[in-house]
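One structure below.
Every chain is numbered from 1 and lettered A, B, ... according to where its sequence line falls, protein lines coming before strand lines.
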2 protein chains.
Amino acid sequence: MADAVQLVQSYPQMPLTVDCVIFGFEENKLKVLLIRSDLEVYKGKWSLLGDIVKSTEELDDAAYRVLRERTGMTDVYLKQVQTFSKLNRHPGGRVVTVAYCSLLNIRHHELQITDNELHWQSVRSLKDMAFDHKEIIDACYNWLQKSIQEHPLGFNLLPEKFSLRELQNLYEAILNVELDRRNFRKKFFSMDFLIDTGELEEDVKHRPGKLYQFNFDKYEKSKRKWIGIDF
Amino acid sequence: MADAVQLVQSYPQMPLTVDCVIFGFEENKLKVLLIRSDLEVYKGKWSLLGDIVKSTEELDDAAYRVLRERTGMTDVYLKQVQTFSKLNRHPGGRVVTVAYCSLLNIRHHELQITDNELHWQSVRSLKDMAFDHKEIIDACYNWLQKSIQEHPLGFNLLPEKFSLRELQNLYEAILNVELDRRNFRKKFFSMDFLIDTGELEEDVKHRPGKLYQFNFDKYEKSKRKWIGIDF
DNA sequence: CCAAAAGTGTTGGGTATACACCCATGC
DNA sequence: GCATGGGTGTATACCCAACACTTTTGG
């Protein structure tokens, strides 16, 4: 054991951080939660929410901590996406960062955000960010576009009860496509994971749509392993 | 700028390593390249090929360096998969590691391996490895199973010219399924990325199959963006 | 001629796509 | 009653899964 300790002590060390790409959905747009950079060189630029990883902290824990400290939320979808290590990515020296992607419902969380430098920004209008954060967001956005087609992640961005129109708007916004409404409905109804709550939309100035919930239990039980070569 | 440097210098630091899960295909089995652990506590156990990340080295470069130093190969498929940070994953103390997955053709590389503690082991027969390396291999294997269905990665594991039977054996071994030969052929021919070399298998004691090459150029040009919700 | 694997087509069922009309609500 | 979006069905094309026989080669 002593040899192992000695070995590790001889290793070069470097700072490690986590950066959270926190997605939300509002006004039919996919948005990401940003904060003003606190570095002089990036004055005025937006940056991701991130923090150092402590010496005795696991990466997932560090990412959850960032979420908790920034949004007050603990029960949020979170997933490690990629680690970035360009030598010049941080102006203060070598810092490696692990990017996490997080999905949350803006409505559930808006009251908890007090720091007024926090800001939900449309993913489509991003430019000129601090560090390599644009690159990190692009990676997470690509990951999201892919994952939302294979897993029921989108529901994390919606209220617990949602209309099919909202769901479709979400998919259209994230995938940047237009989908046929009837086929979209057929698709989701045929999956049979939507629970009709019996409730209707309110405060809408046209015929109200039905509200549904996603049946996560049923989904978990029926997860299948897909074989299908396609490239 | 000075503030940024000072800030980074105040960050906790830790050792960072890369571990390469190097897959190969031989005797119709998916294999992974392992080495005897050099730590006393793991005496006799197998471990992945890995190394520290140098202070001024990017992660991809470190992973390529490991490959080059261990196999002599430079032109090998390599992809960052996941970062592992459990506090007790290394008996010598806190070490974070970034796992890379690599695919190579064993035949092209076998002569370059001189260290006789290096060893190709069947993925199916893995057990009881050093560190958290079993977990890392599992993650990379899952990644491979998924990716090989969406991207033409498998060809990195085969010789440049291969028969359809070899290709099918590869898919069956990695996905751990049996596939219908006629449908498999139809599938690949309909993709239209296989070039008939006009050559035939040799030294085979039955009717020889045709040898094909994968048309990477054509594939790159025709990459399409898929929209298809399915979970 | 025998063994072993290569090579080849068809059919049926299910799934994706394209498309148009009536309905319920608010104003 | 009109504007707005909710809700529904059908026909077609495509793709996937299932399935058996003939051909070529080596020995």
Side-chain angles (χ1 to χ4, degrees), chain A residues 25 27-29 146 148-150 152 158-159 161-173 175-213 222 224-231, chain B residues 27-28 148-150 158-159 161-173 175-213 222 224-231:
Chain A
F25 185 65
E27 299 165 327
N28 287 342
K29 291 195 188 77
K146 186 170 188 307
I148 202 180
Q149 298 182 57
E150 299 172 5
L158 293 175
K161 298 173 182 178
F162 51 86
S163 69
L164 270 175
R165 165 63 60 185
E166 290 176 285
L167 186 61
Q168 184 175 344
N169 286 342
L170 176 72
Y171 273 87
E172 291 183 335
L175 298 178
N176 195 25
V177 291
E178 294 204 343
L179 301 169
D180 180 273
R181 199 168 85 257
R182 286 163 291 188
N183 293 335
F184 185 85
R185 291 172 156 266
K186 245 178 305 180
K187 184 80 199 178
F188 272 92
F189 288 138
S190 73
M191 288 181 197
D192 210 25
F193 292 135
L194 295 183
I195 303 167
D196 185 340
T197 65
E199 298 172 53
L200 296 175
E201 287 179 300
E202 286 174 16
D203 302 322
V204 77
K205 52 178 174 292
H206 51 75
R207 172 175 177 181
K210 289 186 181 181
L211 294 177
Y212 298 89
Q213 288 179 272
S222 68
R224 58 215 156 119
K225 179 161 181 163
W226 254 136
I227 304 288
I229 300 160
D230 214 352
F231 48 82
Chain B
E27 299 166 328
N28 288 342
I148 202 179
Q149 298 182 57
E150 299 172 5
L158 293 174
K161 298 173 182 178
F162 50 86
S163 69
L164 270 175
R165 165 62 59 185
E166 289 176 284
L167 186 61
Q168 183 174 345
N169 286 341
L170 176 72
Y171 273 86
E172 291 183 335
L175 299 177
N176 195 24
V177 291
E178 293 205 342
L179 301 169
D180 180 90
R181 201 169 81 254
R182 286 162 292 187
N183 292 336
F184 185 85
R185 291 170 157 266
K186 244 179 304 181
K187 185 80 197 177
F188 272 92
F189 288 138
S190 73
M191 287 181 196
D192 210 25
F193 292 136
L194 295 183
I195 304 168
D196 185 340
T197 64
E199 298 171 54
L200 296 175
E201 287 180 301
E202 286 174 16
D203 301 322
V204 77
K205 53 176 174 291
H206 52 75
R207 175 175 176 179
K210 288 187 180 181
L211 294 177
Y212 297 89
Q213 287 178 273
S222 69
R224 58 213 157 120
K225 179 161 180 162
W226 253 136
I227 304 288
I229 300 160
D230 214 351
F231 48 83

Integer-rounded Å distance: [N] [atom2] and [X] [atom1]:
{"X": "A/E201", "N": "D/dT4", "atom1": "CD", "atom2": "C1'", "result": "12 Å"}
{"X": "A/N169", "N": "D/dT4", "atom1": "CG", "atom2": "P", "result": "16 Å"}
{"X": "A/L179", "N": "C/dA16", "atom1": "CG", "atom2": "P", "result": "13 Å"}
{"X": "A/L211", "N": "D/dG6", "atom1": "CG", "atom2": "P", "result": "12 Å"}
{"X": "A/I227", "N": "D/dA18", "atom1": "CD1", "atom2": "P", "result": "13 Å"}
{"X": "B/H206", "N": "D/dG27", "atom1": "NE2", "atom2": "P", "result": "11 Å"}
{"X": "A/E202", "N": "D/dG6", "atom1": "CD", "atom2": "P", "result": "16 Å"}
{"X": "B/K210", "N": "D/dT24", "atom1": "NZ", "atom2": "P", "result": "12 Å"}

Is any side-chain heavy atom of [Y] closer than 4.5 Å to one of [X]?
{"X": "B/R181", "Y": "B/R165", "result": "yes"}
{"X": "A/Y212", "Y": "A/D196", "result": "yes"}
{"X": "A/E172", "Y": "A/N28", "result": "no"}
{"X": "B/F184", "Y": "A/I229", "result": "yes"}

Going by heavy atoms closer than 4.0 Å, what residues in residues 182-197 of chain A are next to DNA chain C?
-> A/R182, A/N183, A/K186, A/K187
Quick one: sort the A/F193 and B/F231 rings into parallel, tilted or perpendicular, breaks at 30° and 60°.
-> parallel
How long is the gap from NZ on A/K210 to NZ on A/K161, to the nearest 0.5 Å?
-> 14.5 Å
Taken to the nearest 0.5 Å, the spacing of B/I195 CD1 from B/L211 CG works out to 13.0 Å
Consider the side chain of A/R207, meaning its heavy atoms from C-beta on, and name the nucleotide among C/dC23, D/dG26, D/dT8 that approaches it most closely.
-> C/dC23
So which one's nearest nucleotide on DNA chain C is more toward 5', A/L200 or B/L164?
-> B/L164
Side-chain N or O of B/R165 closer than 4.0 Å to phosphate OP1/OP2 of C/dA6 |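 For C/dA6, OP1 or OP2 has a side-chain N or O of B/R165 closer than 4.0 Å.
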Residue whose nearest DNA chain D nucleotide is more 5′ - B/R181 or A/D230 =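 With A/D230 and B/R181 compared, the 5'-side residue is A/D230.
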